[in-house]
Amino acid sequence: MNAKKRIGAVLLAMVAGIVPLIVSACYYRIGLKEYTWFSDSDAAYDFFLYWKGQTLILLCGLLALYVAVRQMAGKGHRWQERMEWKYLVPLFLYVVLALLSAVLSEHGNMAVWGGYEQWEGVIIITAYVIVLFFASLLLEGRTEIGIFMWIFLVLVFVMSVFSVCQYFGHDFFRTDAGQAVMNFMIKKKLKFTFNFDVGRVYATLYNPNYVGSYVSLVLPIVLSLIGRSRRPLSRIRSGLAVVTAMGLFIMLIGSESVTGFIGVVASLLLAFLFVIVNPSVEKKKVIAGAGICAAVIAAAVCLNRPVFEYGVNKIVNPTPNQFAVKSMESKEGALWITTAGEDVMKLTCEEKNGKIHFAAADGDGEAVEVYEESGKMKFRDTRFSELQIRTEQTEAFVVETPSFGKTYTILPSIETYSGPGHLQRVFYIKNPFGKTDQLRHIEQIGFEQNQHFGSRRGYIWSRTFPLLKDHMLLGSGPNTFVYEFPNDDYIGMKNVGYDGSVVTKPHNMFMQIWVQTGFLSLLAFLALYVVYFAESMKMYVRKTGYRRSDLLGIGILLGTFGYLVTGLANDSTVAVAPVYWCLLGAGIAVNRWNKLTGGSADEGQECTADSH
């Protein structure tokens, strides 16, 4: 075996293993201060994403250079035989549609290079595609696959060690050495504070939610590397895989990611499907294995009961809505206030003798009596009895809902033209950043009574659903969700506790792709995986015997499936996505290898580096 052929496997393993471990500070300009829904701050530091992306780009460049050199040397003549159109077509469509979305985006710089809290522009998306393509191309035999998996296993083990230490209160990044690592790429040295409590696992992945995505992706693959071979290297590999799997499970518990647990359980259910429909599998062993899995999960739940109860309640019993005002809109010269009970009040005001005088009507135009009590304006109609108005000066008034402790500072404008010869009053709101913005209609679909569902995903999704219809062909551009989301929904954001926050992602990978690169690109993304999933199921479901390489193929299938399940509540991020794309490419390569080498179960044909 030519040692030069193994370089590609090493580079790919670095993509899947090194990129997630990169942590260092980057100072950058945000570029959002001109928007009323953002603060006047124009500078920020990123610690967990930017340099991961740059490392990924560097490794992609090295991979491209390696492939080009081999091609020029005439040693890549068989590569075209391994290019399968059923994968190339959706992959090509996905990246072309992403590029078109970026080129036509109104926010070109962000769409190309990425930015604020995401750093997943079209260059990074193109890097994902390159990684998958080269992984499926370069992992051409059991030695290359074995090298890739060995290095990947070692680097996942390193990640699990970081995480286990965090779980037991020994966070590397809270030490002087960790602080030095985080300060390595900047001149001005910073003193860091951490948002997460000691013992909460965020690893090197920025957010505990991404820890859940990472574990659901890699855990089945690590488990597939455990074998019964007596060869010394096989024993070492199996022992390391066992220890790593235990570390990943602790990592998942420490992250408190319910989504991650759902992804792992989804992978287990798919695994049981394999053994249930396979007549050659001993059902007693399956029952025993299922019992062990159930016992481990039950023990984890019992040991962390408060955490699990809190996480489950966020889904099945979310915090009820706690507001009296659902929305406000400046319309037809009046302030339209919609209550939580869907009743509409049209509030008008007029300045007389240095004082604001109010009048009100309901949605049908019927007058609502306004009276003054204790210096505040109140309403006799029971539908609006939760509301009261306090005037601070002639330029502004405050709508209060004392029962819920919420206040909204409203600024009625001077007379403003709404058309030729017609004057109207326009109502503005003072937002948490001290800026004034006109109140407008915010479209929403669903989750009216469950805004807090899934850690307030109900609110985010209800405002994201209306965006989907506008991006059927092309999206707004990669990394531009922050511009599309109604971050000027000041009433809705205050109602769910997002007051002063900016929503940069939908907490759903599929809606993220749809909005940013279009529905067609989402179809291409899904088609790519459906083809891989169908091929894998056809190859492995009813097989009468499994080699080590078959088990690895199944492990990659289970891991990528679990990752996509977590994508229902988590986003694509450069912290984890490169691992998914690289492993999906590896899965395609492993499937091709298994088809070429036949279907007999032969432990001597292990798909590991120690086979030689």
Side-chain angles (χ1 to χ4, degrees), residues 35-37 321-444 486-496 499-500:
Y35 293 93
T36 54
W37 41 261
N321 293 341
Q322 297 179 345
F323 55 83
V325 175
K326 179 181 178 182
S327 66
M328 294 185 189
E329 179 183 358
S330 180
K331 183 178 179 181
E332 299 175 0
L335 177 63
W336 290 43
I337 302 175
T338 302
T339 69
E342 300 295 337
D343 295 304
V344 176
M345 180 175 69
K346 303 174 185 178
L347 184 70
T348 57
C349 63
E350 183 178 359
E351 182 186 345
K352 291 181 180 180
N353 301 321
K355 184 177 180 180
I356 299 179
H357 296 267
F358 297 93
D362 64 14
D364 296 323
E366 297 293 329
V368 175
E369 183 179 351
V370 183
Y371 68 98
E372 185 173 355
E373 182 180 279
S374 302
K376 297 181 180 180
M377 308 306 297
K378 299 183 180 181
F379 307 92
R380 295 198 185 280
D381 194 317
T382 56
R383 294 174 296 174
F384 311 113
S385 59
E386 289 285 349
L387 308 180
Q388 59 186 39
I389 298 175
R390 170 169 49 89
T391 56
E392 294 186 334
Q393 63 269 346
T394 58
E395 293 81 13
F397 60 89
V398 179
V399 177
E400 299 179 332
T401 57
S403 298
F404 297 97
K406 291 180 171 61
T407 61
Y408 314 90
T409 301
I410 307 299
L411 295 89
S413 75
I414 59 173
E415 298 294 306
T416 305
Y417 283 97
S418 64
H422 185 61
L423 298 172
Q424 272 190 354
R425 189 174 292 277
V426 178
F427 292 84
Y428 293 80
I429 188 170
K430 180 175 286 187
N431 68 22
F433 306 113
K435 301 179 180 181
T436 59
D437 201 359
Q438 183 176 339
L439 287 161
R440 68 178 183 91
H441 174 68
I442 304 295
E443 194 173 356
Q444 56 189 70
N487 277 299
D488 58 346
D489 179 23
Y490 305 113
I491 309 302
M493 297 184 86
K494 180 187 281 286
N495 288 341
V496 295
D499 203 24

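When a residue number appears, it is its place in the shown sequence, counting from 1. Because the structure is a prediction, the values reported are computed rather than measured.
- Between the side chain of Asp499 and the main chain of Pro432, no donor-acceptor pair closer than 3.5 Å is present.
- When side chains are defined from C-beta on, Leu335 does not count as touching Tyr408, because their heavy atoms never get closer than 4.5 Å.
- Shown here for Ser330 and Arg425, the closest heavy-atom pair between the two residues is OG-O, 4.3 Å.
- Taking all atoms of both residues into account, the shortest heavy-atom contact from Thr407 to Lys494 is O-CE, 3.2 Å.
- Distance alone, capped at 3.5 Å, is enough to place a donor-acceptor pair between the Asp362 side chain and the Asp364 backbone.
- Judged by distance alone, with hydrogens and angles left aside, the side-chain atoms of Lys406 form a donor-acceptor pair with the main-chain N or O of Gln322 at under 3.5 Å.
- Atom CG of Asp489 and atom NE2 of His441 lie 10.5 Å apart (nearest 0.5 Å).
- A pairwise comparison of heavy atoms in Glu386 and Ser403 identifies OE1-OG, 2.7 Å as the closest pair.
- Between the NZ atom in Lys376 and the CG atom in Leu387 there is a gap of 13.0 Å [rounded to 0.5 Å].
- Residue Trp336 holds its CH2 atom at 12.5 Å from CE of Met345, rounded to the nearest 0.5 Å.
- Here Thr338 contributes atom OG1 and Glu329 contributes atom CD; the two are 7.5 Å apart, rounded to the nearest 0.5 Å.
- Atom CD1 in Ile389 sits 6.0 Å away from atom CD1 in Ile337 (nearest 0.5 Å).
- Smallest separation of non-hydrogen atoms from Leu347 and Ala360: CD1-CB, 4.1 Å.
- The two atoms that bring Phe427 and Gly333 nearest to each other are CE1-O, 3.7 Å, heavy atoms only.
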Under 3.5 Å donor-acceptor pairs involving side-chain atoms of residues 365-375, not counting sequence neighbours:
unit_1, atom_1, unit_2, atom_2, d
Glu369, OE1, Arg380, NE, 3.3
Glu369, OE2, Arg380, NE, 2.8
Glu373, OE2, Lys378, NZ, 2.9

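- Taking all atoms of both residues into account, the shortest heavy-atom contact from Leu411 to Ile429 is CD1-C, 4.1 Å.
- Not one N or O on the side chain of Trp37 forms a donor-acceptor pair closer than 3.5 Å with the backbone of Asn487.
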>> Could you walk me through whether Ile356 and Met377 satisfy the side-chain contact (heavy atoms from CB on, under 4.5 Å) test, starting with their C-alpha distance in whole Å, then the side-chain angles of each, then the deciding distance to 0.1 Å, before giving a yes or no?
In response: CA-CA 11 Å; Ile356 299 179; Met377 308 306 297; over 6 Å; no

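- None of Thr409, Asn495, Asp437 except one satisfies the side chain to side chain donor-acceptor pair (under 3.5 Å) rule with Tyr490; the exception is Asp437.
- For the pair Thr391 and Phe358, the minimum side-chain heavy-atom distance is below 4.5 Å.
- To the nearest 0.5 angstrom, Asp488 atom CG is 4.0 Å from Arg440 atom CZ.
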